[in-house]
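The structure appears right after this line, and notes come after that.
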There are 2 protein chains.
Amino acid sequence: MEEKNMCPVDYAVNLLSGKYKLRILHALLQESPQRFKVLERRITGISPTMLTSQLRELEKDGLIGRTIFATVPPTVEYNITSVGQSTLPMLNEIYKWGLAHQSDNLKKN
Amino acid sequence: MEEKNMCPVDYAVNLLSGKYKLRILHALLQESPQRFKVLERRITGISPTMLTSQLRELEKDGLIGRTIFATVPPTVEYNITSVGQSTLPMLNEIYKWGLAHQSDNLKKN
DNA sequence: CGGAATCCCTGAAGATACTG
DNA sequence: CAGTATCTTCAGGGATTCCG
């Protein structure tokens, strides 16, 4: 993908698009670290496969971190990074807008 | 799609996902109204087909308006609505974050 | 000019089964 | 527990053609 001279909005969208990425970030912004299984339970409807792939991409882009503990059974924790933390104001605005517009639509029905 | 009891973030994402929607909103937030052809030139790389479909969805969701003038050749203007205007703080945060993170990555290379 | 209609294709996402 | 490996499905998006 072309990353030079790219619109910052598109850049952000590219990193954050993915059906569950914002919800994962949201969950980790509320509590960090969290284990795989806990995230799976919190992100309703997600499959382990999808959770893994979304976590991998978020990790690659530096938004979250991953720590493995050599226990039996295995323990893996995911934590929000400082970059991930920096998405908070953006997520808040998205949340606020969604909330307002969502109720707009409910009024119509 | 299930719209009740939906996460506001997901609600916003659903309305705004679409490869060019944010760029169209961005263009109309800078200048409104604008004609089809002008938008087509400003949204680099978009095809007329895609522009039409994205505009239709934005219109359906109340973010933009559409006015037809019975001239020859036909004139159609698209304008931002008050709901569309309300996305400005959100878009600004997305833009700011994209800009910051984009330069983070450039430093690494 | 500003579309509509059509066809096609890829990549995101879902389901299933298995493993260190 | 926390994944990996495959297969399949499907809708977003692209290209092309035609029209009032």
Side-chain angles (χ1 to χ4, degrees), chain A residues 1-2 6-7 9-10 12-25 27-28 31-61 64-79, chain B residues 1-3 6-7 9-10 12-25 27-28 31-61 63-79:
Chain A
M1 192 183 313
E2 191 58 60
M6 196 181 194
C7 171
V9 172
D10 280 344
V13 169
N14 280 336
L15 289 192
L16 300 173
S17 70
K19 193 169 179 184
Y20 301 94
K21 284 190 184 173
L22 291 183
R23 285 171 70 185
I24 292 172
L25 279 180
L28 285 176
E31 182 184 342
S32 174
Q34 286 188 62
R35 300 182 60 178
F36 187 90
K37 206 66 182 181
V38 176
L39 285 170
E40 186 183 352
R41 270 189 291 264
R42 193 181 304 213
I43 315 290
T44 321
I46 198 170
S47 67
T49 310
M50 267 307 287
L51 182 54
T52 297
S53 85
Q54 301 282 284
L55 287 169
R56 287 291 175 279
E57 293 184 22
L58 288 170
E59 186 191 2
K60 172 178 68 64
D61 294 327
I64 67 174
R66 179 168 178 260
T67 311
I68 308 173
F69 299 92
T71 55
V72 177
T75 301
V76 179
E77 282 182 352
Y78 293 90
N79 62 282
Chain B
M1 192 182 315
E2 193 56 58
E3 294 197 354
M6 196 182 193
C7 170
V9 172
D10 280 343
V13 169
N14 280 335
L15 289 193
L16 300 173
S17 72
K19 193 171 181 182
Y20 302 93
K21 284 189 185 175
L22 291 183
R23 284 171 70 185
I24 293 172
L25 278 180
L28 285 177
E31 182 185 343
S32 174
Q34 285 188 63
R35 298 183 60 179
F36 187 91
K37 207 66 180 179
V38 176
L39 285 170
E40 185 182 351
R41 271 190 292 263
R42 196 185 298 216
I43 316 290
T44 322
I46 198 171
S47 67
T49 309
M50 268 306 287
L51 182 53
T52 297
S53 83
Q54 301 281 285
L55 287 170
R56 289 291 175 279
E57 293 183 22
L58 289 170
E59 187 191 1
K60 171 178 69 62
D61 295 326
L63 295 162
I64 67 174
R66 179 169 179 257
T67 310
I68 308 172
F69 298 93
T71 55
V72 178
T75 302
V76 178
E77 282 184 353
Y78 293 90
N79 62 281

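Naming convention: chains lettered A, B, ... in sequence-line order (proteins, then strands); numbering from 1 in each chain. Computed from a predicted model, the values in this text were never measured in an experiment.
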Rounded distance [0.5 Å steps], CG in Leu63(B) versus NZ in Lys21(B): 8.0 Å
Non-neighbouring partners of Lys37(A) that pass salt bridge (charged side-chain N to carboxylate O under 4.0 Å, His left out), sequence neighbours left out: Glu40(A)
Spacing of Asn14(B) atom CG relative to dA11(D) atom P, expressed in whole Å: 14 Å
By side-chain contact (heavy atoms from CB on, under 4.5 Å) - contacts of Ser32(A) (at least two apart): Asn79(A), Ile80(A)
By salt bridge (charged side-chain N to carboxylate O under 4.0 Å, His left out) - contacts of Arg42(A) (at least two apart): Glu31(A)
With sequence neighbours excluded, residues passing side-chain contact (heavy atoms from CB on, under 4.5 Å) with Val9(B): Leu22(A), Ile94(A), Tyr95(A), Cys7(B), Val13(B)
Axis deviation across the helix from dC1(C)-dG20(D) to dG20(C)-dC1(D), five-pair ends, to the nearest 10°: 50°
Members of residues 69-76 of chain B that approach DNA chain D, where some heavy atom sits under 4.0 Å away: Pro74(B)
Opening and closing nucleotides of DNA chain C in contact with chain A, under 4.0 Å to non-hydrogen atoms: dA13(C) to dG20(C)
Set of side-chain hydrogen bond (donor to acceptor under 3.5 Å, both in side chains) partners for Thr44(A), sequence neighbours left out: none
Residue list, salt bridge (charged side-chain N to carboxylate O under 4.0 Å, His left out) with Glu77(B), at least two apart or on another chain: none
Gap separating the NZ atom of Lys19(A) from the CG atom of Asn14(B), nearest 0.5 angstrom: 8.5 Å
By side-chain hydrogen bond (donor to acceptor under 3.5 Å, both in side chains) - contacts of Gln54(A) (at least two apart): none
Heavy-atom side-chain proximity of Leu55(B) to Leu39(B) below 4.5 angstrom: yes
Counterpart residues, salt bridge (charged side-chain N to carboxylate O under 4.0 Å, His left out), relative to Arg56(A) (two or more places apart): none
Contact check, side chains of Leu25(B) and Leu16(B), non-hydrogen atoms, under 4.5 Å: yes
Check: Glu59(B) side chain, Arg66(B) main-chain N or O, donor-acceptor pair, under 3.5 Å: no
N or O in side chain of Arg56(A) less than 4.0 angstrom from dT4(D) OP1/OP2: yes
Sub-4.0 Å heavy-atom contacts from residues 33-52 of chain B onto DNA chain C, ordered by number: Arg35(B), Phe36(B), Lys37(B), Thr49(B), Thr52(B)
